Amino acid sequence: MFRTAEKLERSAEEVLSILERWDAKNQGHHTQKRQYSRKPYRTKMTVFIPQSEGMAGESMEATSFTVWSRNISQGGVSFIYPGQLQHGRYLICLDPEKSGSLWFLVEILRSRQVHNEFWEYGANMLERASI
């Protein structure tokens, strides 16, 4: 798939830019369907698969991964990941580089394959989590 973290980062930024241009081109077309307005929020986030969802014997390292966010609203967050995730519940850290990070239990409700082997996900924020 990807050989280096640097190449993965470049590819993620390219996909985010493509999606941003597409959104600008279609501005207003989907907004009337949304409950909350979206704000751009481009950062790396950490996603953890809750232990109840993990397989026996998995370590925490095996059940966490990095995603790249696109936007955020009062009710949810959109992000991209270079692979297909199952719809369901995950723990997500919105700002993993900061102490006092913001954690949420989210549920992935939609997904679509976009560009360069990446998938885009829409997740509903169910509740704030404390880790």
Side-chain angles (χ1 to χ4, degrees):
M1 189 193 289
F2 294 98
R3 293 184 203 269
T4 66
E6 185 177 297
K7 183 176 179 182
L8 180 61
E9 184 74 30
R10 279 195 314 266
S11 189
E13 289 298 324
E14 179 183 335
V15 170
L16 289 169
S17 293
I18 291 168
L19 293 171
E20 201 171 271
R21 286 191 302 271
W22 186 85
D23 282 349
K25 183 178 172 182
N26 294 302
Q27 187 176 8
H29 182 65
H30 298 286
T31 55
Q32 69 276 11
K33 298 178 184 177
R34 297 196 171 111
Q35 185 175 2
Y36 303 109
S37 67
R38 294 180 178 184
K39 303 291 181 206
Y41 185 70
R42 281 179 64 164
T43 188
K44 285 190 213 176
M45 300 185 305
T46 302
V47 175
F48 290 88
I49 300 171
Q51 284 190 312
S52 62
E53 303 288 328
M55 294 171 27
E58 284 184 324
S59 67
M60 280 303 280
E61 291 78 28
T63 59
S64 70
F65 48 92
T66 298
V67 300
W68 290 263
S69 64
R70 285 194 63 210
N71 53 51
I72 194 165
S73 73
Q74 183 177 342
V77 64
S78 172
F79 61 88
I80 62 168
Y81 178 70
Q84 192 170 11
L85 302 174
Q86 292 184 2
H87 288 207
R89 293 181 177 203
Y90 296 84
L91 286 172
I92 194 165
C93 182
L94 297 182
D95 52 357
E97 300 296 320
K98 297 179 183 176
S99 61
S101 298
L102 292 173
W103 290 88
F104 286 89
L105 177 63
V106 302
E107 183 172 14
I108 294 178
L109 299 176
R110 66 170 184 80
S111 61
R112 66 179 176 148
Q113 190 168 13
V114 285
H115 309 279
N116 301 350
E117 301 179 26
F118 278 83
W119 286 71
E120 179 189 22
Y121 297 91
N124 184 27
M125 287 190 229
L126 303 173
E127 63 186 41
R128 190 157 179 188
S130 57
I131 301 297

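Just so you know, residue 1 is the first one in the sequence shown, and it goes up from there. These values consider heavy atoms only, across backbone and side chains, with no hydrogens, waters or symmetry-generated copies. Just so we're clear, the structure is a prediction, and the values are computed from it rather than from any experiment.
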* Check whether any side-chain heavy atom of R42 lies under 4.5 Å from a side-chain heavy atom of S17, and answer yes or no. => yes
* Partner of Y121 under ring pair (Phe, Tyr, Trp, His ring centres under 6.0 Å), chosen from W68, F79, Y90 -> F79
* Can we say E97 and K44 salt-bridge, meaning some charged N sits less than 4.0 Å from an Asp/Glu carboxylate O? -> no
* To do: Report yes if the side chains of F118 and L8 come closer than 4.5 Å at any heavy-atom pair, otherwise no.
  => yes
* Please check if the side chain of S11 supplies one atom and the backbone of K7 the other of a donor-acceptor pair under 3.5 Å. => no
* Distance in Å, I49 CD1 paired with L85 CG, rounded so as to fall on 0.5 Å steps -> 7.5 Å
* To the nearest 0.5 Å, what is the distance between NE2 (H115) and CG (L16)? -> 10.5 Å
* Nearest heavy atoms of G75 and N124, plus distance in Å -> O-OD1, 2.8 Å
* Asked: Does the distance from a Lys or Arg side-chain N to an Asp or Glu carboxylate O, for E6 and R10, drop under 4.0 Å?
  -> yes
* Asked: Do you reckon Y41 sits in the same ILVMFWY cluster as L102, going by side-chain contacts under 4.5 Å, direct or chained?
  -> yes
* Find out whether F104 and L94 are in side-chain contact, i.e. whether some heavy atom of one side chain is under 4.5 Å from a heavy atom of the other. => yes
* **Minimum heavy-atom distance between M45 and C93, given as atom pair plus value** => CB-O, 3.3 Å
* To do: Please test I18 against V114 for side chain to side chain contact (heavy atoms under 4.5 Å, CB included), starting from the C-alpha separation and ending with a verdict.
  => CA-CA 9 Å; I18 291 168; V114 285; over 6 Å; no
* Looking at side-chain heavy atoms only, is the closest gap between S78 and R110 below 4.5 Å? -> yes
* Asked: Rounded to the nearest 0.5 Å, what separation is found between the OG atom of S111 and the NE2 atom of H87?
  -> 3.0 Å
* To do: Determine which pairs satisfy salt bridge (Lys or Arg N to Asp or Glu O under 4.0 Å) with at least one residue from residues 66-86, sequence neighbours left out, and list them in order.
  => D23-R70, R70-E120
* Asked: How many angstroms lie between CE in M125 and CD1 in I92, if you round to the nearest 0.5 Å?
  -> 8.0 Å
* Asked: So, the side chain of S101 versus the backbone of D95: is there a donor-acceptor pair under 3.5 Å, distance only?
  -> yes
* To do: Please answer: with hydrophobic residues joined when any side-chain heavy atoms are less than 4.5 Å apart, are L126 and L91 in the same cluster?
  => yes
* To do: Check whether any side-chain heavy atom of I80 sits under 4.5 Å from a side-chain heavy atom of L19, and report yes or no.
  => yes
